[in-house]
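Everything below concerns the one structure shown next.
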Amino acid sequence: DAGQSHGMLRCIPNPTNGSSLLRFDLPESQNIRIEIRDLNGRIVSVAAEGYFLRDSYDIPLDVNGISAGLYLCTLITGSERYTIKLGVGI
């Protein structure tokens, strides 16, 4: 797999030039949020937000409106944060 992984979160492919999949597993049903931030900490996109059932997910991520560069993609659950680097157009 040509994606970067950290714990429960993967981005495939990474780097990306248009569309990717954010793949993650939830061991229990819970509220989550997936944020894409630039290296200055500004949120440039929220890829997913809400209550998700315990399962495995592939969430489409469209980065066409995001400038080329390096970003941080963070899966936030009630008690955990999982962050990976995301390359866009590089």
Please answer: with hydrophobic residues joined when any side-chain heavy atoms are less than 4.5 Å apart, are I90 and V88 in the same cluster? no
Answer with yes or no whether the hydrophobic clustering places I66 together with I84; edges join I, L, V, M, F, W, Y residues whose side-chain heavy atoms lie under 4.5 Å apart. yes
My understanding is that only residues two or more places apart in sequence, or in another chain, count here; which of them pass side chain to side chain contact (heavy atoms under 4.5 Å, CB included) with [X]?
{"X": "N64", "result": "D62"}
{"X": "I59", "result": "L22, F24, A48, F52, Y57"}
{"X": "I43", "result": "R33, E35, R37, V46"}
{"X": "D58", "result": "L21, R23"}

Would you say the side-chain atoms of S20 pair up with the backbone N or O of P13, donor to acceptor, closer than 3.5 Å? yes
Check: D38 side chain, N40 main-chain N or O, donor-acceptor pair, under 3.5 Å: yes
Could I get the full list of side-chain hydrogen bond (donor to acceptor under 3.5 Å, both in side chains) partners for [X], not counting sequence neighbours?
{"X": "T74", "result": "T83"}
{"X": "S56", "result": "D25"}
{"X": "N31", "result": "none"}
{"X": "R54", "result": "none"}

Contact check, side chains of L61 and I36, non-hydrogen atoms, under 4.5 Å: yes
If you measure from OH on Y82 to CD1 on I34, what distance do you get to the nearest 0.5 Å? 12.5 Å
Got a second to check how far I76's CD1 is from E49's CD, nearest 0.5 Å? 9.0 Å
Minimal non-hydrogen separation, C73 against L9, with atom names: O-CD2, 3.7 Å
Which other residues belong to the hydrophobic cluster containing L39, where Ile, Leu, Val, Met, Phe, Trp and Tyr are joined when side-chain heavy atoms lie under 4.5 Å apart, directly or via other members? L70, L72
